[in-house]
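What you see is a predicted model; the values in this text were computed from it and never measured. Each chain gets a letter, A, B and so on, in the order the sequences are listed, and its residues count up from 1.
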Protein chains: 2
Amino acid sequence: MTQTDTVSRILDAAEVLFAERGFTETSLRTITSTAGVNLAAVNYHFGSKKELIQAVFERFLTPFTQSLVGELDRREATDEPLNAEVLLDSLYRVAMASLEREGRDPQRFMRLLGLAYTQYQGHLRRFIVSRYGDSYRRFAGLLSKALPGLDPVTFYWRLYFMLGATIFTLSSFDAIEAILKEDFGAESSLQETLERLVPAAAAMLHAGD
Amino acid sequence: MTQTDTVSRILDAAEVLFAERGFTETSLRTITSTAGVNLAAVNYHFGSKKELIQAVFERFLTPFTQSLVGELDRREATDEPLNAEVLLDSLYRVAMASLEREGRDPQRFMRLLGLAYTQYQGHLRRFIVSRYGDSYRRFAGLLSKALPGLDPVTFYWRLYFMLGATIFTLSSFDAIEAILKEDFGAESSLQETLERLVPAAAAMLHAGD
DNA sequence: CACCAATTAAAACAGTTGTTTGGCAACTTG
DNA sequence: CAAGTTGCCAAACAACTGTTTTAATTGGTG
């Protein structure tokens with residue numbers, strides 16, 4: 001077993017288990033045993049549990065952020081005006097593509113994103129902001145330009161409303177889908193849900209226009 | 001120190017600490033020491049940590065739900081048509097009033113609500129659904145009637161979008177407020193944020209009309 | 001005042017947590 | 001081939017978890 005093998009086996013297992021139960025609720029022993037590696041391997045390769053958590057986020061946020069920045073570059077290069085709906089659609093589309101390309105489950109990452117915001121892990125928030133804050137502000141800036149006449153404070157609050165709707169809904173996708181299936185017999189795919197989310201979020205941003 | 005005193009001291013401490021750090025991250029020893037009571041008191045009065053968690057939720061969800069049901073009764077008694085905006089406004093107003101009346105911090109409860117959805121605590125979800133599910137469905141039914149022409153599945157997804165926007169934003173209120181203050185020098189009260197949230201959420205529900 | 005139930009208290013329980021250690025195998029490099 | 005780095009493993013570490021036990025203390029009632 002080569003080094004990279006052990007490292008990525010740990011990351012794979014941790015990613016799934018963290019998304020399922022949260023950080024504190026997932027012990028290193030559970031991670032290493034489902035990964036089929038020795039307990040000490042985590043501290044050997046990552047240093048500590050905290051750093052393992054950060055590594056899990058880095059592995060999926062870095063390619064996603066790069067794709068997003070690339071997409072924004074392309075959009076800005078063409079001189080077409082950027083409206084909010086297009087920007088949101090880009091965001092979701094890039095997220096899906098960048099994650100599915102690596103053969104991993106998109107909604108698992110939504111759960112992780114939700115955890116990053118909800119759980120009591122100061123180091124994680126700091127890590128994410130310092131690493132990806134610039135790209136995030138870039139997107140927010142473009143979206144803000146697409147909504148002229150909206151005062152900045154209102155805009156930012158609505159941005160958070162949108163973020164909340166997205167992360168909350170997608171991270172509970174399984175649970176919500178199960179309820180709707182039972183009550184209406186209607187199956188919903190992640191794709192369809194995003195197609196519902198884009199116009200709804202856009203309407204929220206445009207409220208009062 | 002009387003019994004009720006010990007019980008409510010434990011509930012007070014647990015409520016604050018749970019909202020701050022989550023359930024697993026808060027030990028019984030931290031709770032009992034900040035409450036100034038003996039460690040064994042939790043198991044004596046509540047049975048277990050799980051039941052303490054449920055008791056914390058029961059103490060604020062029961063009066064809130066009762067107020068909400070009362071408000072819905074009053075609204076339905078008058079034969080005025082109920083539109084979405086009014087219903088949302090009622091919901092938020094009742095929530096604030098019912099919580100502030102007991103002199104407790106409203107956004108702490110939003111954090112708790114967020115935890116109930118996010119954290120890996122099957123018993124809590126089951127407890128809340130079985131205890132308060134009916135009232136929740138009552139509200140959803142009225143809101144659905146206020147939005148004729150919206151197919152049920154789309155309506156329910158948008159309801160979750162709205163729930164997500166609310167819980168997510170209000171449970172991170174402090175953090176968001178701090179960012180906006182730094183960037184724009186603008187202070188936001190919880191009240192103002194709700195006044196921004198109502199029309200935004202209503203616009204999302206009405207999207208495409 | 002004496003009794004008895006309810007409450008509090010200190011201590012120990014058994015189990016789990018993240019992390020560290022030291023020995024061992026496998027590899028690369030001189 | 002020898003030297004030395006790198007990765008892996010079982011075991012132990014100390015600290016912490018929720019819960020239980022046993023004894024002391026309280027407050028109300030006959």
Side-chain angles (χ1 to χ4, degrees), chain A residues 1-59 112 115-116 119-124 126-127, chain B residues 1-59 112 115-116 119-124 126-127:
Chain A
M1 202 189 300
T2 72
Q3 174 204 342
T4 31
D5 207 33
T6 301
V7 168
S8 63
R9 288 172 67 115
I10 293 176
L11 286 173
D12 287 342
E15 184 178 292
V16 172
L17 291 167
F18 284 155
E20 240 170 50
R21 323 140 109 89
F23 307 122
T24 331
E25 294 83 352
T26 305
S27 72
L28 292 184
R29 283 169 179 78
T30 317
I31 294 173
T32 51
S33 73
T34 73
V37 303
N38 187 272
L39 167 63
V42 169
N43 291 280
Y44 179 78
H45 287 288
F46 297 93
S48 67
K49 187 180 182 181
K50 280 187 184 181
E51 288 165 286
L52 169 62
I53 295 176
Q54 295 177 1
V56 167
F57 276 82
E58 186 168 26
R59 188 171 66 151
L112 288 175
L115 288 182
Q119 304 242 124
Y120 183 67
Q121 298 271 352
H123 70 96
L124 224 196
R126 266 175 272 132
F127 172 79
Chain B
M1 203 188 303
T2 72
Q3 176 203 343
T4 31
D5 208 32
T6 301
V7 168
S8 64
R9 288 172 67 115
I10 293 175
L11 285 173
D12 287 342
E15 184 178 292
V16 172
L17 291 167
F18 284 155
E20 241 170 48
R21 323 139 109 89
F23 307 121
T24 329
E25 294 84 351
T26 306
S27 73
L28 292 184
R29 282 169 179 79
T30 317
I31 295 173
T32 52
S33 73
T34 74
V37 303
N38 188 271
L39 167 63
V42 169
N43 291 280
Y44 179 78
H45 287 288
F46 297 93
S48 66
K49 188 180 181 181
K50 281 188 185 181
E51 289 165 286
L52 169 62
I53 295 176
Q54 295 178 0
V56 167
F57 276 82
E58 187 169 24
R59 188 171 66 151
L112 288 175
L115 288 182
Q119 302 242 124
Y120 183 68
Q121 298 269 354
H123 70 96
L124 224 196
R126 265 174 273 132
F127 172 79

Write down the distance between [atom1] ([X]) and [atom2] ([N]), rounded to a whole number of angstrom.
X: B/Arg9; N: C/dT7; atom1: CZ; atom2: P; answer: 16 Å
X: B/Asn43; N: C/dA10; atom1: CG; atom2: P; answer: 16 Å
X: B/Asp5; N: C/dT7; atom1: CG; atom2: C1'; answer: 13 Å
X: A/Tyr44; N: C/dT21; atom1: OH; atom2: C1'; answer: 14 Å
X: B/Asn38; N: D/dT21; atom1: CG; atom2: C1'; answer: 13 Å
X: A/Leu17; N: C/dT17; atom1: CG; atom2: C1'; answer: 16 Å
X: B/Phe46; N: D/dG18; atom1: CZ; atom2: C1'; answer: 15 Å
X: B/Lys50; N: D/dT17; atom1: NZ; atom2: P; answer: 18 Å

To the closest 0.5 Å, what do you measure between NE2 (A/His45) and CG (A/Leu11)? 10.5 Å
Interatomic distance, A/Glu25 atom CD to B/Phe23 atom CZ [nearest 0.5 angstrom]: 10.0 Å
A/Phe18 vs A/Ile31, test: side chain to side chain contact (heavy atoms under 4.5 Å, CB included). Steps then yes/no. CA-CA 9 Å; A/Phe18 284 155; A/Ile31 294 173; 3.9 Å; yes
Selected nucleotide, minimal atom distance to A/Lys49 side chain, candidates D/dT19, C/dG18, C/dT7: C/dG18
With side chain to side chain contact (heavy atoms under 4.5 Å, CB included) as the test, would you mind laying out the steps for B/Leu28 and B/Asn43 before giving the verdict? CA-CA 9 Å; B/Leu28 292 184; B/Asn43 291 280; 4.1 Å; yes
Applying the side-chain contact (heavy atoms from CB on, under 4.5 Å) test to B/Arg21, which of B/Thr26, B/Leu115, B/Val16 qualifies? B/Thr26
Which of B/Val37, B/Thr32, B/Val7, B/Thr6 passes side-chain contact (heavy atoms from CB on, under 4.5 Å) with B/Val42? It is B/Thr32
Looking only at side-chain N and O atoms, does A/Thr6 come under 4.0 Å of OP1 or OP2 in D/dG7? no
So, does B/His45 get its side chain near the phosphate of C/dA6, meaning an N or O under 4.0 Å from OP1 or OP2? no
Position toward the 5' end of DNA chain D (nearest nucleotide), A/Leu39 or B/Thr30: A/Leu39
Mind listing the residues from residues 19-29 of chain A sitting with a heavy atom below 4.0 Å of DNA chain C? Number order is fine. A/Thr26, A/Ser27, A/Leu28, A/Arg29
Does A/Ala41 reach a base, just sugar-phosphate, or nothing at all? Heavy atoms under 4.0 Å. nothing
Residues which pass side chain to side chain donor-acceptor pair (under 3.5 Å) with B/Glu58, listed by chain and number, not counting sequence neighbours: B/Arg131
